[in-house]
Asks: 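Got a structure here, written out as structure tokens. Questions coming.
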Amino acid sequence: MQKVIAQTEDIPPGEMMEAEFDGRPIVICRAADGEFHAFTNLCPHQGAPLSKGKLCGAPEPTDYVGEYNYKNEGNILRCPWHGREFDIKNHGRMLANDKQKLREYKLFIEDGNITLYK
Amino acid sequence: MKGECHNHMSLIDTDIHERVSYQELLPYLEQPWKRYITDCHWIQEKHMPYTQPAVAGVDRADARVPDGRPAGSDLGFMQEQLLDSHGHEYGILTGALDPSPSSMHGWYEMATALASAYNDWQLDHWLEKDSRLYGSVHIAAQEPAAAAREIERVGSHPKMVQVLLPIDDILWGDPYYHPIFEAAEKHQLMIGMHHNEPPVHFGKWPKYFIEWHTLIPTAHMNQVTNMVFSGVFDKFPGLKLMMIEGGFTYAPFLMKKMDQQYKDLRHEVPWVKRMPSDIIRDHLCFTTQPLEELKKWELMQMIDQMGSDELISFSTDYPHWDYDSPERALPPRLDEDLKTKIFSENARQFYPKLR
Ligand code: FES
């Protein structure tokens, strides 16, 4: 099945939009590079609506105490409740535990339409 | 979402934060107190070097009122997002922590005026507007006589279920504060203790928020230990204490440790006449949030070690960022009887005015 979810111009880079696909809530994220990524809109922790969180950056891991290297602006989805971080450019993997990731949906762009399919 | 996991079970939520703006308190304040806010810009003192670093500060990012007002400030939105959508039977309001009169380090007269104003505002705007909501009496506990007068003034209201004491840097078990407990007991009010900004690091704050937030239960442990060994529950047999927002997983350790210490050192506190763990079982209850992603067997072990399944009461902490979902926070497949106790019956037994 496939479904047109939104138009590309509906979502500027660094923004999100909630939608529905196959009867499930999903979130479409537009990364800093302009690409689109779709995930479940339910946080795997306690089910918060991820689209109400923020696409932001995050300090990358470092070997030096006190060093903050804030990177990936617009590519890290932070949950609106407990703030867990998911990397939308890395299949929605959680930064604190990369064994956990968001369920990702496949999509393609054609004529300005964002289409989800499975 | 409603009842998905707890099967339309009755829910008594023991920690909900309503929020006032100083502007809303003005009609409830007399002069000169009012002008210290309007003309002199009084604000509640704050101590921590950090902010609450969630997506929207201390609040859930989706709990801001749609018209832009802060989370927890609008009854209608709270009803929609919390009470109606999860099917709450009752919710206990535990204050916004700002103002927190009992946390002030001076000017107790202003604190006393703020506490009265807060209670009146809470009654008018929340407790008398939604039959599901019950509230906490705010006091300026640094002046026990004035605090007792405030308890006398509003404590008999049927919607007031407890007296709120913040967990900061005062241990409330000292006999100096006992007039508060005497007044509370007289009005069938329990004591609710909720942390404000406890200095958990040797009287100061640790370097990072994550350390402070991890160590909040240690501030709760200070209070539990102090209340029991100060003989509060021996002196006020009708009094009970709800420990709010520190979770409960520290309780098994503390009960074991206090019992062992009591056997060795009872002579120092001869006014304590029973095993501390028995006192805790008879007089204390702990709200569940923030839950530590326990597996069912881990939760069952904790309950087993506490020697009772009647010591924990579910709480969401709405609208704060470390909110626990009634459907998702506890491990799945708990026995129905236990769920009924955690979600409602333990709170109902704890607060006489809910029965
Ligand atoms: S619900 Fe998303 S981090 Fe907890």
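Here is the naming used below: chain letters follow the sequence lines, and residue numbers restart at 1 for every chain.
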Asks: Checking heavy atoms, do the side chain of B:A329, its backbone, both or neither come under 4.5 Å from chain A?
Replies: both
Asks: For the CZ atom on B:R69, are there more than 12 heavy atoms of other groups (residues, nucleotides or ligands in this structure) within a distance under 6.0 Å?
Replies: yes
Asks: Please classify the contact between A:C56 and chain B as side chain, backbone, both or neither, with a heavy-atom cut-off of under 4.5 Å.
Replies: neither
Asks: Can you tell which part of B:P53 gets under 4.5 Å to a heavy atom of chain A, answering side chain, backbone, both or neither?
Replies: backbone
Asks: Should A:E35 and A:K89 count as an ion pair when the cut-off is N to O under 4.0 Å?
Replies: yes
Asks: Are a donor atom and an acceptor atom from the side chains of A:E18 and A:S51 found within less than 3.5 Å of each other?
Replies: yes
Asks: Answer with side chain, backbone, both or neither: which region of B:Y208 has an atom nearer than 4.5 Å to a non-hydrogen atom of chain A?
Replies: side chain
Asks: Parallel, tilted or perpendicular for B:W212 and B:H195, by the 30°/60° rule?
Replies: perpendicular
